[in-house]
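Just below is one structure, and these are the notes that go with it.
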Amino acid sequence: GAVVSQHPSRVICKSGTSVKIECRSLDFQATTMFWYRQFPKKSLMLMATSNEGSKATYEQGVEKDKFLINHASLTLSTLTVTSAHPEDSSFYICSARGEWLAGHTDTQYFGPGTRLTVL
Amino acid sequence: GESVGLHLPTLSVQEGDNSIINCAYSNSASDYFIWYKQESGKGPQFIIDIRSNMDKRQGQRVTVLLNKTVKHLSLQIAATQPGDSAVYFCAENNAGNMLTFGGGTRLMVKP
């Protein structure tokens with residue numbers, strides 16, 4: 001159980017375009033989803049937290065108009081990188097937390113990540 | 001500020017030996033800790049967790065030890081295998097129910 005998927009796994013786009021990344025919890029309902037960014041050989045940096053049906057909470061320094069997050073259902077959250085530029089190139093990882101998972105209600109389960117390359 | 005950190009950035013062990021990865025935390029209010037394994041190009045994979053009311057928890061070939069007195073967390077991997085090669089992150093769940101990650105330790109298993 002506790003499987004989280006992301007799509008696409010890899011995307012290459014031109015500068016100025018927008019890219020949407022999907023995060024799905026496949027076998028549980030995720031009341032809270034998280035979006036992280038990871039640079040090479042670095043730890044995960046939390047970008048934002050989203051709860052189903054409400055606006056995302058962004059970490060300090062993360063532009064909410066640049067990184068649009070939608071958590072429309074208990075199994076799906078999307079991250080849209082708007083007007084992407086080369087400096088947005090990174091590994092984006094989502095995680096999900098399901099309140100009903102007995103014994104692991106605090107545990108975040110991670111997706112496989114999306115490698116974004118902006119040319 | 002409060003943080004979670006690791007003593008060793010890289011650990012090299014012989015296949016079949018036991019591995020110990022350490023982590024220090026500074027937020028005494030944290031009540032839940034998780035170890036994740038991340039292979040190259042993949043997302044972090046949950047390994048084992050422990051709550052602050054426990055000192056030790058065992059899984060399959062892995063054991064997590066928590067020493068609240070010195071705010072220290074460790075992950076022990078028995079009979080390390082090549083497939084264990086990865087970066088290991090400890091994570092601390094704070095009062096706001098958010099995860100704070102350590103810097104990561106790369107485990108390299110020599111055949």
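Note on naming: letters A, B, ... go to the chains in the order of the sequence lines (proteins, then strands), and numbering restarts at 1 for each one. Only a predicted model underlies this, so the values are computations on that prediction, with no experimental measurement involved. Side chains are part of it too, since the values below use all heavy atoms of this structure and drop only hydrogens, waters and symmetry mates.
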side-chain contact (heavy atoms from CB on, under 4.5 Å) between A:Arg97 and B:Leu99, intermediate numbers included: CA-CA 11 Å; A:Arg97 187 174 66 200; B:Leu99 284 182; over 6 Å; no
Please classify the contact of A:Gln6 with chain B as side chain, backbone, both or neither, using a heavy-atom distance under 4.5 Å. neither
Within residues 63-77 of chain A, the residues sitting under 4.5 Å from chain B by heavy atom, in sequence order, are none
Could you tell me which portion of B:Gln38 (side chain, backbone, both or neither) has an atom closer than 4.5 angstrom to a non-hydrogen atom of chain A? side chain
Per-residue contacts, residues 78-85 of chain A versus chain B, heavy atoms under 4.5 Å: none
Pairs meeting criterion disulfide bond (SG atoms under 2.5 Å apart) with involvement of residues 7-88 of chain A, two or more places apart: A:Cys23-A:Cys94
Heavy-atom count check: over 12 atoms from other residues, nucleotides or ligands less than 6.0 Å from B:Met54 CE? yes
So, the part of A:Ser95 with a heavy atom under 4.5 Å from chain B: the answer is neither
For B:Phe89 and A:Gln38, the nearest pair of non-hydrogen atoms, with its separation, is CZ-NE2, 3.8 Å
ring-ring contact (aromatic ring centres under 6.0 Å, His included) filter on A:Phe110, not counting sequence neighbours, yields A:Tyr36, B:Tyr36, B:Phe101
Verify the cluster assignment for A:Val62 and A:Tyr92: are they in a single hydrophobic cluster under the rule of side-chain heavy atoms below 4.5 Å apart? yes
Polar side-chain atom of A:Ser43 near backbone of B:Gly104 as donor-acceptor pair, under 3.5 Å: no
